[in-house]
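Just so it is clear, the model here is predicted, and its values are computed rather than measured.
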Amino acid sequence: MLTARNANYDSGCIHVENLNLWYSESHALKDICLNVPRGSITALIGPSGCGKSTFLRTLNRMHDQNELVRIEGDVRYQNQNIFDPHIDVSALRKEIGMVFQTPNPFKMSIYDNVAYGPKIQGIRKRDQLDSIVIQALKDAFLYDEVADRLDQSASALSGGQKQRLCIARALAANPKVILMDEPTSALDPVSTHKVEELILSLKEKYTIVIVTHNMQQAARISDYTAFFLNGSLVEFSRTKEMFENAKDERTQNYISGRFG
C-alpha cells in the first residue's frame with residue numbers, strides 16, 4: 001500500500017538520497033541525491049553509459065529481476081522507501097509507469113493494448129473499459145487517427161503512432177508518474193514533434209522523468225535537468241538556468257558539445 005504519512009516530501013514527488021547501485025563489481029550509480037518536483041518534466045542528460053537510464057529504471061524497481069544488481073540508499077515516493085520489503089511492487093509500478101525507447105505494443109488490437117492494464121486491475125465492464133481506452137488515446141493525441149480501427153492490430157501503426165499507443169497504454173493504468181527512456185530516439189522529426197507536444201500536455205496531470213540524448217529536446221520540453229557523468233549526478237537545476245549558466249564546467253562542456 002502506498003500512502004503518504006506526512007508532508008516531509010510534498011515539494012518533491014520522488015526524493016532520492018544517497019542512492020548507490022552496483023552491477024556485480026561495477027559501481028554504476030554513486031551517491032545520487034535528487035528531488036524530482038511534482039507536476040514537472042525532469043530531463044536526465046549525459047553521455048552514453050553515464051547512468052541516466054540505470055537511474056530511471058531504479059525509480060520503479062525495474063532492476064528487481066537482475067541478481068547482479070545491488071542497491072543501497074533511499075528512493076522515497078509518497079514518503080515511503082520503495083525498497084522497503086513491505087512495498088507492493090505492482091502497486092508502485094501502477095503509480096510510476098514506464099515508456100521505453102523502442103515502441104513495444106503487444107501483439108493484439110489497438111483497443112486491447114490500451115485496455116490491458118485496466119483488465120489486469122480487475123476492470124471488466126465494457127462501457128468502463130471503453131471510457132478508459134478512449135480517454136487514454138485522446139490524452140496520447142492518437143484517438144483521432146485510430147478511432148475507426150480500434151479492433152485492428154497495433155502492428156499496422158507507424159513508429160510514432162506505436163510510441164503514442166505505448167504512452168496511452170501507460171496512461172490507462174492511471175499513473176501519477178511517467179518514466180520515459182529516450183521515447184523519441186527511434187522516431188523521425190515529425191513524430192518526435194508530436195511526442196514532444198504530447199509530453200508537454202501531460203505535465204498538467206503527471207510528473208514526468210525523461211532520459212534524452214537530445215540537448216535541444218531537453219531545452220524545449222523540460223522544467224528541470226539533471227546532468228549525469230560516470231555514474232554521478234554532476235548538476236541539477238532548472239533547465240533554463242543550466243543551459244544558460246551551468247555551475248559546473250563539465251556541464252558547460254557537455255551542453256556545448258565539447259564531449260559526449
Side-chain angles (χ1 to χ4, degrees), residues 14-36 41-75 82-83 93 96-104 159 163 166 177-189 192 195-196 199 207-239 242-243 246-260:
I14 299 176
H15 183 85
V16 181
E17 186 171 352
N18 299 325
L19 176 66
N20 287 271
L21 182 146
W22 290 263
Y23 287 112
S24 188
E25 300 302 318
S26 176
H27 198 176
L29 294 176
K30 306 168 185 174
D31 296 317
I32 306 298
C33 296
L34 175 63
N35 203 33
V36 177
I41 300 173
T42 298
L44 310 181
I45 65 171
S48 297
C50 68
K52 55 190 184 296
S53 290
T54 297
F55 173 75
L56 188 78
R57 290 165 179 257
T58 304
L59 301 182
N60 71 347
R61 290 185 50 171
M62 288 201 67
H63 298 294
D64 279 12
Q65 303 306 312
N66 190 334
E67 296 180 354
L68 297 177
V69 169
R70 177 166 60 92
I71 296 173
E72 294 179 358
D74 279 2
V75 175
I82 68 170
F83 303 119
R93 290 176 181 156
I96 305 180
M98 185 87 182
V99 175
F100 297 94
Q101 178 177 1
T102 302
N104 59 341
Q163 190 62 291
C166 292
V177 181
I178 304 173
L179 311 177
M180 297 185 171
D181 193 358
E182 297 193 66
T184 64
S185 65
L187 304 182
D188 61 71
T192 294
V195 172
E196 287 184 1
I199 293 170
T207 298
I208 298 171
V209 185
I210 177 173
V211 169
T212 180
H213 273 106
N214 187 322
M215 294 301 97
Q216 291 75 25
Q217 182 174 80
R220 283 193 299 264
I221 70 173
S222 68
D223 303 293
Y224 297 87
T225 296
F227 172 53
F228 283 75
L229 184 64
N230 298 326
S232 297
L233 176 61
V234 173
E235 189 167 345
F236 175 68
S237 68
R238 289 189 175 274
T239 298
M242 182 179 291
F243 277 73
K247 295 181 175 63
D248 193 288
E249 184 178 1
R250 293 168 294 176
T251 310
Q252 294 175 348
N253 289 339
Y254 181 74
I255 289 174
S256 64
R258 294 191 183 102
F259 76 93

request  = Check side-chain contact (heavy atoms from CB on, under 4.5 Å) between N214 and all other residues, then give those that pass, not counting sequence neighbours.
outcome  = T212, Q216, Q217, R220
inquiry  = Going by the rule salt bridge (charged side-chain N to carboxylate O under 4.0 Å, His left out), which residues pair with K30 if we only count those two or more places apart in sequence or in a different chain?
reply    = none
request  = Write down the atom of F83, the atom of G73, and the distance for their closest heavy-atom approach.
outcome  = CD1-O, 3.9 Å
ask   = If you measure from CD on Q101 to CE on M180, what distance do you get to the nearest 0.5 Å?
value = 14.0 Å
key: Partners meeting side-chain contact (heavy atoms from CB on, under 4.5 Å) with D31 (sequence neighbours left out)   = N20
message = Does any part of the side chain of M215, heavy atoms only, come nearer than 4.5 Å to the side chain of Y254, both counted from C-beta?
response = yes
ask   = Who passes ring-ring contact (aromatic ring centres under 6.0 Å, His included) against F243, sequence neighbours left out?
value = none
ask   = Side chain of R93, backbone of R61: donor and acceptor closer than 3.5 Å?
value = yes
request  = Could you tell me whether a side-chain N or O of T192 sits under 3.5 Å from a main-chain N or O of D188, the two making a donor and an acceptor?
outcome  = yes
query = So Y23 and H63, would you call those rings parallel, tilted or perpendicular, with 30° and 60° as cut-offs?
reply = perpendicular
message = Would the distance check show the side chain of S222 and the main-chain N or O of A219 forming a donor-acceptor pair, the cut-off being under 3.5 Å?
response = no
task = Please examine the side chains of M98 and L59, heavy atoms only from C-beta on, and report whether any two atoms are closer than 4.5 Å.
result = no
query = How far does CD1 of I71 sit from CG of N66, to the nearest 0.5 angstrom?
reply = 9.5 Å
inquiry  = Just verifying a value: how many Å separate T58 OG1 and M62 CE, rounded to the nearest 0.5 Å?
reply    = 10.5 Å
query = Side chains of C166 and F100: closer than 4.5 Å at any heavy-atom pair?
reply = no
Residue pair V177 / V36, side-chain heavy-atom distance below 4.5 Å = no
query = Quick one: does F228's side chain get under 4.5 Å of I32's, heavy atoms only?
reply = yes
task = Name all residues meeting the salt bridge (charged side-chain N to carboxylate O under 4.0 Å, His left out) criterion together with E235; count only those two or more places apart in sequence or in a different chain, and write none if there are none.
result = none
inquiry  = Going by salt bridge (charged side-chain N to carboxylate O under 4.0 Å, His left out), name the residues that satisfy it together with R238, two or more places apart in sequence or in a different chain.
reply    = none
ask   = Any side-chain heavy atom of C33 sitting closer than 4.5 Å to one from L233?
value = no
